[in-house]
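A short worksheet on the structure shown next.
Keep in mind that the numbers below use all heavy atoms, side chains included, and drop hydrogens, waters and symmetry copies.
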Amino acid sequence: MVSKKVHTILRVGIAVLLLVALSVGEAACKAKFTAIKSVKRVGTQSVSSYSSDTPLRKNGKRDWWEENQTYSTRFRAEQLVVPVSLVAIGALGVGAKSPMYGMNCAIRDGLYKASKGVKLRFDDYVQYVPVAFYLTLDFMGLKAKHSFGERVAVAAVTYISVTALSQSIKYIVREPRPDTGTRNSFPSGHTMTAFAGAELVRSEYGWGVGMGAYALAATVGFMRMYNGRHWFNDVLAGAGFGILSARIGYWMLPLNRHIFRIPRKGQAMVASPIYYANTKAVGMSCAIQF
């Protein structure tokens, strides 16, 4: 049997390699996005299909999808490498006859001995910290790429995706939990929530802040195993599905901008409170410049 030390080195190695791949892939794709431009002719006008500020035109009309498109919301196949890899590795651990079952049991038993059966529940709350940072760090002085309304739309779609993916896959796979045997272990919903928020933070504010958010997300994943609620492969798959859900949130932002007329970063939006003395009621007025 492989020693626990080897298991630990293997887990850390996988995590580091995936994070490096994500960082390098993101940098390479962004450089390609800004450097390579495909120029189209519309009458006597040249239009770049990679430009984020010049929409394409079809039959002389503005293409609303392209008009609302930016680098951060554009689908790129490279974005699937890390989440799909995590989900694929996690899927290898499903079932008692899986290749990862021995590793899963070793991790479960080792953490149970370390915890002596005492469960710490702070992961129930910490899972929401990354998305809270995502929505509020702009008000604390860090520069966000998108307006508050855009971030709310991205977060809403992200966590709709988290809920839909986690509940449907749990129902289909029906993997028993390591502590109670309840058949809803794969994937880890807490880990999905935390990693979705971490990927939102990284995408919005960069790796400097994103690494902190990912550290919190990894802590949540570890605590799910420490508390005996999930197997190691559940946590890996939850991380992958969480990152994928965050990407779905950004991919759908152009549609949300179009439907809900969400102001983009830099557009004027003024809100002020209102007090009605005769009825002793309060309200809020909002003016948006499109």
Side-chain angles (χ1 to χ4, degrees), residues 15 18-19 22 72 82-83 86-87 90 111 115 118-171 177 179 182 184-232 234-253 256 262:
L18 289 173
L19 286 175
L22 179 61
S72 60
V82 171
L86 287 169
V87 171
L111 290 176
S115 66
V118 178
K119 297 186 178 182
L120 305 175
R121 297 298 190 185
F122 65 85
D123 51 314
D124 291 337
Y125 310 101
V126 175
Q127 62 174 317
Y128 301 110
V129 172
V131 69
F133 283 158
Y134 172 70
L135 294 173
T136 60
L137 283 176
D138 189 38
F139 302 112
M140 301 177 189
L142 288 179
K143 185 177 180 180
K145 297 177 182 177
H146 299 88
S147 68
F148 180 72
E150 290 175 307
R151 298 199 303 277
V152 169
V154 170
V157 173
T158 294
Y159 287 101
I160 289 173
S161 302
V162 165
T163 302
L165 286 171
S166 64
Q167 296 306 311
S168 60
I169 296 171
K170 284 175 181 290
Y171 180 78
R177 288 184 183 270
D179 56 348
T182 307
N184 61 351
S185 188
F186 181 90
S188 168
H190 282 59
T191 307
M192 286 181 67
T193 299
F195 272 84
E199 176 61 11
L200 291 177
V201 171
R202 183 202 67 81
S203 299
E204 193 69 23
Y205 301 100
W207 271 109
V209 182
M211 287 300 294
Y214 266 102
L216 282 175
T219 300
V220 171
F222 174 80
M223 291 308 301
R224 298 310 286 165
M225 296 184 292
Y226 182 87
N227 290 326
R229 297 295 290 158
H230 285 286
W231 304 101
F232 176 54
D234 297 339
V235 171
L236 285 180
F241 281 123
I243 294 171
L244 179 62
S245 297
R247 297 317 319 164
I248 292 173
Y250 274 107
W251 294 334
M252 295 302 295
L253 181 56
N256 286 322
I262 301 173

- prompt: Thinking salt bridges, do R151 and D138 make one under a 4.0 Å N-O criterion?
  reply: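 Salt bridge present between R151 and D138.
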- request: Using only heavy-atom distances, determine whether the side chains of Y134 and E199 contain a donor-acceptor pair under 3.5 Å.
  value: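 Their side chains do not contain a donor-acceptor pair, so the 3.5 Å distance test is not met.
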Which heavy atom of [X] sits nearest to which heavy atom of [Y], and what is that distance?
X    : Y    : result
M192 : S245 : CE-OG, 4.4 Å
S72  : Y250 : O-CB, 3.7 Å
G221 : T191 : CA-OG1, 3.6 Å
P83  : G240 : CB-O, 3.2 Å
P187 : G238 : CB-N, 3.8 Å
S203 : K145 : O-NZ, 2.9 Å

How many angstroms lie between atom [atom1] of [X] and atom [atom2] of [Y], to the nearest 0.5 angstrom?
X    : Y    : atom1 : atom2 : answer
T158 : L200 : OG1   : CG    : 4.5 Å
L142 : T136 : CG    : OG1   : 9.5 Å
H190 : Y128 : NE2   : OH    : 6.5 Å

Hey, are the side chains of [X] and [Y] touching, using non-hydrogen atoms and a 4.5 Å cut-off?
X    : Y    : answer
F241 : S166 : no
F232 : L111 : no
W207 : Y214 : yes
K119 : D179 : yes

message: Is it the case that over 12 heavy atoms from other parts of the model lie below 6.0 angstrom from the CZ atom of F133?
response: no
- prompt: In chain order, what residues pass the salt bridge (Lys or Arg N to Asp or Glu O under 4.0 Å) check against D124, with sequence neighbours excluded?
  reply: R224
task: Output yes when a side-chain donor or acceptor of Y159 lies under 3.5 Å from a complementary backbone atom of G197, and no otherwise.
output: yes
- request: Could you list the residues that satisfy ring pair (Phe, Tyr, Trp, His ring centres under 6.0 Å) with F139, not counting sequence neighbours?
  value: F148
By side chain to side chain contact (heavy atoms under 4.5 Å, CB included) - contacts of [X] (at least two apart):
X    : value
F122 : L120, V126, T219, M223
S115 : Y226
N184 : K170, R177, T182
A153 : L253, N256, I262

